[in-house]
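Written out below as structure tokens is the structure these notes cover.
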Amino acid sequence: MSKEQPARAAGPPKSLLPPAAEEEIMEKLAANLRISSGEIAAILKKHGVAGDADALQDSYRKRLGQRLMSSIRDENGRREVLARGSEYIVVECCSDRQALKAIRQRIQNQMNGLDDSAGKVRCRIHALDHLLSRFRKAG
């Protein structure tokens, strides 16, 4: 039996939020073109969105563990321990080529996504700079 992952659809993930909460968040974002995490939390609270206490504690503990693992660095500041799924691996001691390839691919995907986002921001800065230079010439 194949262990291949199904292809992920492009576009936003399917929301687990109540439609009214999602709509309110999107309306606020559209109206102000920004929204704080505190505002999002308040809207979700207003709509009764809450997590299971045990699951939240597990998530918190995992996040603390992830911070610990990410703090383990070599003398040059590079991470020594990297994640493959839910498992942390000491890279210098790993002899599993598949695990290392999976880690490298995950990092490359993250870099590509960040490059895309940085490019979008760079284009917007360029557009604003262009507008500003036109205003300076006109004024």
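No side-chain heavy atom of Val49 sits less than 4.5 Å from a side-chain heavy atom of Ile43. Side-chain contact between Val81 and Leu68: absent, with no pair of heavy atoms (C-beta onward) separated by less than 4.5 Å. Contact check for Leu56 versus Asp52: no side-chain heavy atoms found under the 4.5 Å cut-off. Side-chain atoms of Asp96 and Leu100, non-hydrogen and from C-beta on, never get closer than 4.5 Å to each other.
Sorted by first and then second residue, the salt bridge (charged side-chain N to carboxylate O under 4.0 Å, His left out) pairs with a member in residues 15-36 read Glu24-Lys46, Lys28-Glu39; sequence neighbours excluded. Evaluation of the salt bridge (charged side-chain N to carboxylate O under 4.0 Å, His left out) test over residues 97-125, restricted to residues two or more places apart or in two chains, returns none.
Note that CD1 of Ile72 and CG of Leu82 are 10.5 Å apart. Values are rounded to the nearest 0.5 Å. Taking CG of Leu44 as the reference point, atom CD1 of Ile25 lies at 4.5 Å (rounded to 0.5 Å). How far CD of Glu80 is from CD1 of Ile89: 14.0 Å, rounded to the nearest 0.5 Å. Interatomic distance, Ser133 OG to Leu128 CG, rounded to the nearest 0.5 Å: 11.0 Å. Here Tyr88 contributes atom OH and Arg79 contributes atom CZ; the two are 7.5 Å apart, rounded to the nearest 0.5 Å.
Atom CD of Glu92 has 12 or fewer neighbouring heavy atoms from other residues, nucleotides or ligands inside a 6.0 Å radius. When the shell of 6.0 Å around CG of Leu16 is examined, it contains 12 or fewer heavy atoms from other residues, nucleotides or ligands.
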Q) Which is it for Lys62 and Leu64 under the side-chain contact (heavy atoms from CB on, under 4.5 Å) test, yes or no, and what are the steps along the way? A) CA-CA 5 Å; Lys62 288 176 182 178; Leu64 287 180; over 6 Å; no

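Between the side chain of Ser117 and the backbone N or O of Leu114 there is no donor-acceptor pair closer than 3.5 Å. No side-chain donor-acceptor contact under 3.5 Å links Asn76 to the backbone of Arg78. The backbone N or O of Gln66 lies less than 3.5 Å from a partner atom in the side chain of Ser70, making a donor-acceptor pair.
Follow the hydrophobic side-chain contacts under 4.5 Å out from Leu29 and you reach Leu17 in the same cluster. Side-chain heavy atoms closer than 4.5 Å link hydrophobic residues (I, L, V, M, F, W, Y) into clusters, and following such links, even through other members, never connects Val91 to Met69.
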